[in-house]
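Have a look at the structure below, then the notes.
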There are 2 protein chains.
Amino acid sequence: MPTPHYGQPRYRAIADELRNRIEGGIIPPGTLLPAESKLTAEFRASRGTIRQAIAILREEGLTATEHGRGTYVKTDMRSSSAHRQTGSDVQQSIISADAYLAALFQVDMGAEIIETEVISRTADKVVSVTRTYRLPR
Amino acid sequence: MPTPHYGQPRYRAIADELRNRIEGGIIPPGTLLPAESKLTAEFRASRGTIRQAIAILREEGLTATEHGRGTYVKTDMRSSSAHRQTGSDVQQSIISADAYLAALFQVDMGAEIIETEVISRTADKVVSVTRTYRLPR
DNA sequence: AGAAATTTGTCCGTATGTATC
DNA sequence: AGATACATACGGACAAATTTC
């Protein structure tokens, strides 16, 4: 049971399987996925592993999850996909240092800096936006 | 990615960063820290490392963790504080919302937004620069 | 209207294997 | 060899939102 992580990890395999069912129409848009507890039984994986798999689908924009309700398949508006606002909370990107940051970090202007943006919401309302800059390590 | 721990270990650096955010008011007393899973994403560290960092804050009495709920910042009654050795500059200003922030906060462009900047240093070197935006109330 | 069951969210502790300093 | 850190995985427990009875 422990962790033979040769090759592909289990949560990825499970995500693949679920994705296939969604795209194959077995789990139609708008309907709920089986509860996490059902999925642990079916795949004989721990809940954490199941949740990792679902997290992948959520990042891909295939599903959305609501506390106390479940995870449902998004009614796919595929034309607009892939761009912006998948609603993920943490975004990282590499920017180049402006004069201010360069001076602080004691690097040249234009040097690579990692920017992390965290958007925190409560009840779908944005409460704060935090951007953290640090040097790559 | 693996383990260049020149000087101070990762979990200590992360603890310092979180402490600075707390003392800088970015994470106000009474509010919850981001979940372990969010912190692993933001700092790109493993769960074990994040948990070590939070353990430090807990030992310092800065935070308390409730099982199943989260880790919140304690309402610090003893402001004797003595200003820890790792320094941080905090600066607050009012800016006007650009298109991006306006959209997130659902306000008009140009609306007032409070920006808090925390510069954390360890041994006179800037470790991170964090800017937090929130609405006035 | 209220209690119970369901379901997701989060934390706890532990374990294994890999890799680097 | 030991400390640090990563990724993966398990099982358990409590918290909170939603649904069902």
Side-chain angles (χ1 to χ4, degrees), chain A residues 1-18 27 30-59 62-74 87-90 92 118 120-125 127 134 136-137, chain B residues 1-18 27 30-59 62-74:
Chain A
M1 320 33 202
T3 317
H5 70 293
Y6 313 112
Q8 185 181 236
R10 301 199 56 197
Y11 67 88
R12 238 181 272 278
I14 294 173
D16 290 344
E17 171 64 22
L18 292 175
I27 312 177
T31 67
L32 292 173
L33 260 63
E36 290 171 359
S37 58
K38 295 288 164 72
L39 294 174
T40 62
E42 184 187 336
F43 291 103
R44 285 198 247 104
S46 74
R47 203 183 145 206
T49 302
I50 297 295
R51 284 174 62 77
Q52 276 184 87
I54 292 177
I56 290 180
L57 303 180
R58 183 170 42 243
E59 270 169 31
L62 264 180
T63 64
T65 303
E66 285 173 22
H67 191 169
R69 277 209 73 196
T71 298
Y72 60 88
V73 180
K74 279 212 200 165
S88 74
D89 282 325
V90 183
Q92 244 165 17
V118 181
S120 60
R121 298 178 169 86
T122 50
D124 285 338
K125 297 250 288 256
V127 173
R134 58 167 59 88
R137 55 176 212 277
Chain B
M1 340 299 217
T3 318
H5 69 292
Y6 303 114
Q8 138 180 279
R10 285 266 285 154
Y11 63 88
R12 223 169 269 284
I14 292 173
D16 289 343
E17 168 68 21
L18 292 175
I27 312 177
T31 66
L32 291 173
L33 260 62
E36 290 174 354
S37 57
K38 292 286 164 60
L39 294 175
T40 62
E42 184 186 336
F43 290 104
R44 289 188 296 174
S46 73
R47 193 186 152 217
T49 303
I50 296 295
R51 284 173 60 74
Q52 281 183 84
I54 292 178
I56 289 180
L57 301 180
R58 184 169 43 242
E59 274 166 25
L62 261 180
T63 64
T65 303
E66 283 176 24
H67 192 166
R69 191 153 180 274
T71 297
Y72 62 89
V73 180
K74 279 215 210 164

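Order of the sequence lines fixes the chain letters, A, B, ..., with proteins taken first and strands second; residue numbering starts at 1 for each chain. Only heavy atoms go into these numbers, but all of them, side chains included; no hydrogens, no water, no symmetry mates.
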Find the distance [X]:[atom1] to [N]:[atom2] and express it as a whole number of Å.
| X | N | atom1 | atom2 | answer |
| --- | --- | --- | --- | --- |
| A/Leu33 | C/dT6 | CG | P | 19 Å |
| B/Leu39 | C/dC11 | CG | P | 8 Å |
| A/Ile54 | C/dT10 | CD1 | C1' | 15 Å |
| A/Arg58 | C/dG9 | CZ | C1' | 10 Å |
| B/Glu36 | D/dC6 | CD | P | 14 Å |
| B/Arg69 | D/dA16 | CZ | P | 5 Å |
| B/Ile50 | D/dA7 | CD1 | P | 11 Å |

Choosing from [options], which nucleotide comes nearest the side chain of [X]?
| X | options | answer |
| --- | --- | --- |
| B/Thr49 | D/dC10, C/dG9, D/dC6 | D/dC6 |
| A/Ser37 | C/dT7, D/dT4, D/dC6 | C/dT7 |
| A/Thr65 | C/dG9, D/dC10, C/dC11 | C/dG9 |

Do [X] side-chain and [N] base share a donor-acceptor contact under 3.5 Å?
| X | N | answer |
| --- | --- | --- |
| B/His67 | D/dG12 | yes |
| B/Arg51 | C/dG13 | no |
| A/Arg47 | C/dG9 | yes |

Query raised in the report: Using a cut-off of 4.0 Å on non-hydrogen atoms, how would the nucleic acid contact of A/Gln52 be classed: base, sugar-phosphate, or nothing?
Result: nothing
Query raised in the report: What does A/Gly48 touch in the nucleic acid at a heavy-atom separation under 4.0 angstrom: a base, only the sugar-phosphate, or nothing?
Result: nothing
